[in-house]
Number of protein chains: 2
Amino acid sequence: MPTIKDVAREAEVSIASVSKVLNDPNYGSVQMRSRVMRATRKLGYQPNNIARSMVMGKTKIIALVIPDIRNQFFTSVARGVEDVASKYEYRVILCNTDEDATKQREYIDTFRSKIVDGFIISVASDRDQYLAKVDGQTLPFVYIDRLCEGISADAIVVDNQDGAHKAVSYLLELGHRRIGLVAGKSDTLTGRERLRGYQEAHESVGANLHSDLMIDGGFTIEGGYEATKALLGLSQPPTAIFIANNAMTIGCLKALAEAKVKIPDEISVIGFDDSEWAEFFSPPLTVVRQPTYTMGTLAGEILFQRILGTAPQEKQEIVLRPELVVRESCRALS
Amino acid sequence: MPTIKDVAREAEVSIASVSKVLNDPNYGSVQMRSRVMRATRKLGYQPNNIARSMVMGKTKIIALVIPDIRNQFFTSVARGVEDVASKYEYRVILCNTDEDATKQREYIDTFRSKIVDGFIISVASDRDQYLAKVDGQTLPFVYIDRLCEGISADAIVVDNQDGAHKAVSYLLELGHRRIGLVAGKSDTLTGRERLRGYQEAHESVGANLHSDLMIDGGFTIEGGYEATKALLGLSQPPTAIFIANNAMTIGCLKALAEAKVKIPDEISVIGFDDSEWAEFFSPPLTVVRQPTYTMGTLAGEILFQRILGTAPQEKQEIVLRPELVVRESCRALS
DNA sequence: CTGAAAGCGCTAACAG
DNA sequence: CTGTTAGCGCTTTCAG
């Protein structure tokens, strides 16, 4: 690989001049500029960003850390982040932790060594406090969707309790009284808040809570599948199921299909998170929709405010409202 | 951020010693080692990888460049790549080009400046020859799924023509003679090969090809939706549809649902690419399945052979076989 | 066994 | 308008 030195020699100028010409389109005399440009082209020179980053202390890269790359919720968020990053001429790299706190630690270490200028993170578990090692002052980060209480940073979240409440209230209004919950990971705020919304919806109409109806599905496809099978195996199975995320909904539907339980005739279903296929599934799925793309753009904007130093001192927390999208997977209990 | 200098001062040794202790667990005397370790912990020192990368010429990062992050095919490939990368103690960063050759160029430039040690790429378009700028000798890369003919590199691909052939032959055996094709991007090899398989299956049984039945869907959800609507609007609509990828299948199903065309009673459907929801869709979708995860691990292994210099001189091309997964979305024409 | 010094490729004062 | 020089934080000979 040619370096700036080679270009300087070829163009017969100093390396400083090459650097300046390359970084400032109208530096120097016309002749020199053209000599440098010609040499650059001739050698196929590409500046070494590693070296540049070292002296500038900036890499022009941000990271987005997500727990499950196969979950459309996160990939949709990613599209939002990418769009604002490209506006600021930044690249975004995606890091998948696979719901694994250890992998998350590895990525955090990588970031702490200045490989990115900032990052957006949806934590794998809020039981892991490793994030506290990051000094938000020198390496800004913002939470999206899932945060760690106690470790302060800007955050873009959705009112999960409200979303779950809306879904379960709807089921309750339809007359259901045995509503199964395929719950999310209890070591995430979102998991706990959705559980809380489920409970609170029951409480607000004086309905009884049955502990055998609440099963942890760990936010994964497999977990959702197992939880649903367990629910179906109950001596008194639920007449409706509320599933706390995307991935688990896939597992739940699979279990329902295997058991040949008809939706909505034999069981009503509501999922948290919309997805591209939910709409034309048959029957079309009723879901709680989160504004994923917007969450991504907002998180991106705040992060760049921090990176550019234009953000206010105090941390901001933006809470978005989820929305109930009623389709045809629920029916009234007669 | 503390630097190696700070640690050296704190431990009262030279920076060279700190560096050596940190990189070689049994360097130096026991006392010195412990002094260094204590200082490291006390200051919360984290080596600056940018600096390290500069002197070592390695970043311990590889990139995976994909055209559509919302497509499960690619995210599943990504899981495979990640698993082998972590085996080699590498991080993988994901770069989404959004089927856009310009974005792809930007990423390639970023890589050429030594920000990664190598990359795996599924090209956005093989009409763009920018990739030729990277010198595979200094910056190894391997193709996955979609490649650029004329720009030599290792490749992991699937026999797309064979996959399409299997699907269409199956439809033909079922008695269908007007089979719609929602085709992939014509500027990708995969798109062209799948089209070729469709044609060749017809030829091999002497069936006529109707040009009005072959519509380009551009590999996107929207494209699949529009193509299907066009197919449905024909004076003589098809009795079966073969869709050349995942994303377009979603669009196709949406169009079919809107037009209230029943699958498989009124139309038979086969998609290229399996997905998590295809199985419990009703009816369960018959698809051509690619070994996505395996493709990712193979690509990763070859890339590391190149990075570590243990690969043979000549480029390898591994062609995997897709498989027809028959479920319930096709019926025989009586 | 330890430290001084060179240098990775680049930018940014500072001189000339 | 251009060039010299001093680092950025780290690894790595090479002496001591």
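Every chain is numbered from 1 and lettered A, B, ... according to where its sequence line falls, protein lines coming before strand lines.
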Open item on the list: Please report the distance, rounded to the nearest Å, between NZ in A:Lys5 and P in D:dG3.
Closed with: 16 Å

Open item on the list: Please list, in numerical order, the residues of residues 34-47 of chain A that have a heavy atom closer than 4.0 Å to any atom of DNA chain D.
Closed with: none

Open item on the list: Which nucleotide wins on minimum distance to the side chain of B:Ser19, given the candidates C:dC10, D:dT2, D:dT12?
Closed with: D:dT12

Task: Among A:Val92, A:Ile93, A:Ile62, side chain to side chain contact (heavy atoms under 4.5 Å, CB included) partner for A:Val116 - done: A:Ile93

- [ ] Tell me yes or no: between the side chains of B:Tyr130 and B:Glu106, is some donor less than 3.5 Å from an acceptor?
- [x] no

Open item on the list: Assess the residue pair A:Arg306 and A:Phe141 against the criterion (side-chain contact (heavy atoms from CB on, under 4.5 Å)); give the C-alpha distance rounded to whole Å, side-chain angles, the decisive distance to 0.1 Å, and a yes or no.
Closed with: CA-CA 8 Å; A:Arg306 290 273 170 229; A:Phe141 66 96; over 6 Å; no

Open item on the list: Is it true that, when you exclude A:Glu12 itself, more than 12 heavy atoms of the residues, nucleotides or ligands shown sit nearer than 6.0 Å to its CD?
Closed with: no

Task: A:Asp83 and A:Arg79 ion-paired at < 4.0 Å - done: yes

Task: Side-chain (B:Ser53) to main-chain (B:Lys58) donor-acceptor, under 3.5 angstrom - done: yes

- [ ] By nearest nucleotide on DNA chain C, pick out whichever of B:Val13 and A:Ile4 is the more 5' one.
- [x] B:Val13

Open item on the list: Within the 4.0 Å heavy-atom criterion, would you say B:Asn23 contacts the bases, only the backbone, or no part of the nucleic acid?
Closed with: sugar-phosphate

Task: Side-chain touch A:Ile318/A:Ile302, heavy atoms, less than 4.5 angstrom - done: yes

- [ ] Please tell me which of the listed nucleotides, D:dT11, C:dT11, D:dT2, lies nearest to the side chain of A:Met32?
- [x] D:dT2

Task: Nearest-nucleotide comparison on DNA chain C, the residue closer to the 5′ end among B:Ser17 and B:Ala51 - done: B:Ser17

Open item on the list: Within residues 52-59 of chain A, which residues have any heavy atom lying less than 4.0 Å from an atom of DNA chain C?
Closed with: A:Arg52, A:Met54, A:Val55, A:Met56

Task: Whole angstrom value for the distance that separates P of D:dG9 from CD1 of A:Ile115 - done: 15 Å

- [ ] Compare all side-chain heavy atoms of A:Phe111 with those of A:Cys95 and state whether any distance is below 4.5 angstrom.
- [x] yes

Open item on the list: The side chain of A:Ala16 is closest to which nucleotide in this list: D:dT12, D:dG3, C:dC10?
Closed with: D:dG3

Open item on the list: Under a 3.5 Å threshold, yes or no: a donor from one side chain and an acceptor from the other, between A:Asn96 and B:Glu82?
Closed with: yes

- [ ] Would you indicate which nucleotide in C:dT2, C:dT11, D:dT2 comes nearest to any side-chain atom of A:Ser29?
- [x] D:dT2

- [ ] Begin from the C-alpha positions of B:Phe304 and B:Tyr90 and carry the test ring-ring contact (aromatic ring centres under 6.0 Å, His included) through to its verdict.
- [x] CA-CA 10 Å; B:Phe304 282 111; B:Tyr90 263 67; 5.0 Å; yes

TODO: Measure the angle between the two terminal helix axes of the helix from C:dC1-D:dG16 to C:dG16-D:dC1, five base pairs each, and quote it to 10°.
DONE: 50°

Task: Options D:dG3, D:dC10, C:dA4, nucleotide nearest the side-chain atoms of A:Lys20 - done: D:dG3

- [ ] Please answer whether the main-chain N or O of B:Val123 pairs with a side-chain N or O of B:Arg146 as donor and acceptor at a distance below 3.5 Å.
- [x] yes

